[in-house]
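Written out below as structure tokens is the structure these notes cover.
Keep in mind that this is a model prediction, so the values were computed, not measured.
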Amino acid sequence: MRLTDISYAKQIMAQHGIATQKRFGQNFLTNPRVVDDIADICADDDCGIIEIGPGIGTLTEALADRYYKVVAIEIDRGLIPVLADTLSRFDNVTVINADVMEIDFAGLISEHFAGHRVAVCANLPYYITSPIIMKLLECGHIFESLTVMIQKEVADRLTTRAGSDDYGAITLAVDYRADVEKCFDVSPGNFLPPPKVTSTVIRLTLLDEPRVKCTDPVRMFAIIRAAFGQRRKTLVNALSSLYRKEAVLDALNAMSLDAAVRGERLSIGQYAELTDILLASEVK
């Protein structure tokens with residue numbers, strides 16, 4: 001019997017004396033079609049899978065059936081014996097009790113997937129979605145792709161374009177490192193317990209090289225964070241803590257941008273250009 005069967009999932013949880021933990025953002029999938037759809041799209045057949053937040057193993061089952069090896073990272077110590085039970089029939093699954101934000105992914109891949117391509121698959125907890133995605137992106141091109149289920153509102157933010165109200169610093173961070181696509185929405189009734197919002201499955205395909213070249217990407221993202229930290233201000237005023245207004249005005253003029261432009265109007269390519277111009281002005 002599959003763990004998507006609500007009565008069976010509740011039985012397993014009762015046997016182990018556990019309940020979903022709100023502090024870990026736990027919402028377990030109960031629709032087998034959704035589970036299969038996620039497992040089908042997350043990687044090519046010859047990829048290994050890193051799963052974040054396996055819960056009681058609902059998605060892990062489907063991944064283990066399809067891919068040669070799955071390493072599942074679970075922060076909740078109370079779920080480790082549950083996973084040992086629900087995944088006992090698989091010899092290609094390793095469960096690690098750890099906080100994903102403290103994982104050395106390069107080391108994990110070297111230990112468990114040496115010589116193989118690796119993809120990430122996850123039903124991410126809403127409260128820590130953005131930090132996890134940023135950590136994975138900052139690992140560089142060690143993953144083939146990231147297939148994650150996240151809050152629809154966040155998915156909209158990651159896939160929007162410059163000028164939109166949803167456009168933000170994380171939009172640019174994703175655009176810098178990956179191609180992103182929405183796959184499908186998942187309504188609250190497909191979870192135990194049901195969340196209060198709709199979820200969306202997205203797939204990020206990591207680029208071999210960042211989308212644009214910039215002399216100093218660290219400085220570029222400092223500029224981006226400043227621009228969106230005070231998004232109601234013009235870019236000139238938002239960056240005043242980093243640069244003289246005259247320097248920013250000169251840079252915008254060199255880019256043929258209006259002096260009153262706001263940060264949400266610039267693409268990642270324009271931020272790279274702005275950064276390079278401002279850096280050049282510092283050494284004059």
Side-chain angles (χ1 to χ4, degrees), residues 4 25 27-29 31-55 58-73 100 103 105 108-109 113 116-126 128-161 164 166-187 190-191 195 197-212 268:
T4 48
N27 301 93
F28 304 149
L29 277 164
N31 185 327
R33 181 180 60 80
V34 173
V35 170
D36 287 339
D37 286 348
I38 295 172
D40 284 341
I41 67 172
C42 72
D44 297 328
D45 293 343
D46 60 343
C47 268
I49 302 293
I50 295 174
E51 183 189 9
I52 298 170
T58 310
L59 178 58
T60 321
E61 286 184 318
L63 294 171
D65 279 334
R66 288 163 172 78
Y67 303 101
Y68 90 95
K69 185 170 186 178
V70 178
V71 172
I73 303 166
V100 67
I103 289 285
F105 280 103
L108 184 148
I109 289 172
F113 300 99
H116 290 270
R117 297 182 302 129
V118 179
V120 172
C121 188
N123 173 14
L124 291 181
Y126 295 154
I128 198 171
T129 293
S130 294
I132 292 176
I133 289 176
M134 289 304 301
K135 177 179 174 66
L136 295 171
L137 289 174
E138 288 166 1
C139 288
H141 192 222
I142 63 173
F143 309 112
E144 289 289 310
S145 63
L146 316 174
T147 301
V148 293
M149 181 155 54
I150 59 178
Q151 188 173 343
K152 184 178 186 300
E153 177 183 324
V154 178
D156 291 341
R157 196 175 304 145
L158 297 186
T159 55
T160 192
R161 289 291 174 260
S164 165
D166 292 327
Y167 193 66
I170 193 169
T171 317
L172 288 152
V174 169
D175 191 35
Y176 180 64
R177 298 179 176 92
D179 289 327
V180 59
E181 61 177 320
K182 288 183 184 178
C183 300
F184 52 88
D185 293 338
V186 184
S187 61
N190 292 288
F191 298 88
V197 297
T198 296
S199 302
T200 299
V201 176
I202 64 168
R203 179 180 166 94
L204 292 82
T205 302
L206 280 295
L207 302 173
D208 292 333
E209 298 290 340
R211 190 174 304 280
V212 297
I268 188 65

task: Find out whether V154 and Y126 are in side-chain contact, i.e. whether some heavy atom of one side chain is under 4.5 Å from a heavy atom of the other.
output: no
Residue pair A119 / C42: nearest heavy atoms and the distance that separates them: CB-O, 3.6 Å
message: Pair I73, L108 - check side-chain contact (heavy atoms from CB on, under 4.5 Å), show working.
response: CA-CA 11 Å; I73 303 166; L108 184 148; 4.2 Å; yes
task: Taking R203 for its side chain and I41 for its backbone only, find out whether a donor-acceptor pair lies under 3.5 Å.
output: yes
- prompt: What distance separates L206 CG from L137 CG, expressed to the nearest 0.5 Å?
  reply: 6.5 Å
query: So which heavy atom on T58 is nearest to which on L29, and how close?
result: CG2-O, 3.4 Å
message: Ignoring hydrogens, what is the shortest heavy-atom contact between I142 and F105? Give both atom names and the distance.
response: CD1-CB, 3.9 Å
statement: CD of Q151 to OG of S199, rounded to nearest 0.5 Å, is 7.5 Å
query: What are the two closest heavy atoms between L207 and D175, and how far apart are they?
result: CD1-O, 4.4 Å
field: pair N31-T4: side-chain heavy atoms closer than 4.5 Å
entry: no
- prompt: Are any non-hydrogen side-chain atoms of K182 and D156 less than 4.5 angstrom apart?
  reply: yes
field: Step-by-step side-chain contact (heavy atoms from CB on, under 4.5 Å) determination, H116 to D46
entry: CA-CA 8 Å; H116 290 270; D46 60 343; over 6 Å; no
message: Using side-chain heavy atoms (C-beta onward) and a distance below 4.5 Å, is D166 in contact with T171?
response: no
message: Is any side-chain heavy atom of L59 closer than 4.5 Å to one of M149?
response: no
message: Tell me whether T200 contacts the main-chain N or O of I150 through its side chain, where contact means a donor paired with an acceptor under 3.5 Å.
response: no
message: Are E153 and V197 packed together at the side-chain level, in the sense that at least one heavy-atom pair is separated by less than 4.5 angstrom?
response: no
- request: With R66 as reference, evaluate D37, D45, D36 under the salt bridge (Lys or Arg N to Asp or Glu O under 4.0 Å) test and give the passing residue.
  value: D36
- prompt: Got a sec: does the CD of E138 have more than 12 other heavy atoms crowding it under 6.0 Å?
  reply: yes
task: Please check if the side chain of T129 supplies one atom and the backbone of P125 the other of a donor-acceptor pair under 3.5 Å.
output: yes
task: Would you give the length of the straight line joining atom SG of C121 to atom CD1 of I50, rounded to the nearest 0.5 angstrom?
output: 11.5 Å
Nearest heavy-atom neighbours spanning A39 and Y67: O-OH, 2.6 Å
message: So, taking the atom named CD1 in I202 and the one named CG in D185, what distance separates them when rounded to the nearest 0.5 Å?
response: 11.5 Å
query: Of all heavy-atom pairs between N123 and N27, which one has the smallest distance, and what is that distance?
result: ND2-O, 3.1 Å
message: Nearest 0.5 angstrom please: L204 CG to L146 CG, how far?
response: 5.0 Å
message: Looking at D40 and R33, is any side-chain nitrogen of the basic one under 4.0 Å from a carboxylate oxygen of the acidic one?
response: no
- request: Kindly indicate whether the side chain of I133, heavy atoms from C-beta on, has any atom under 4.5 Å from the side chain of L124.
  value: yes
message: For the CZ atom of R177 and the CG atom of L136, what is their distance to the nearest 0.5 Å?
response: 11.5 Å
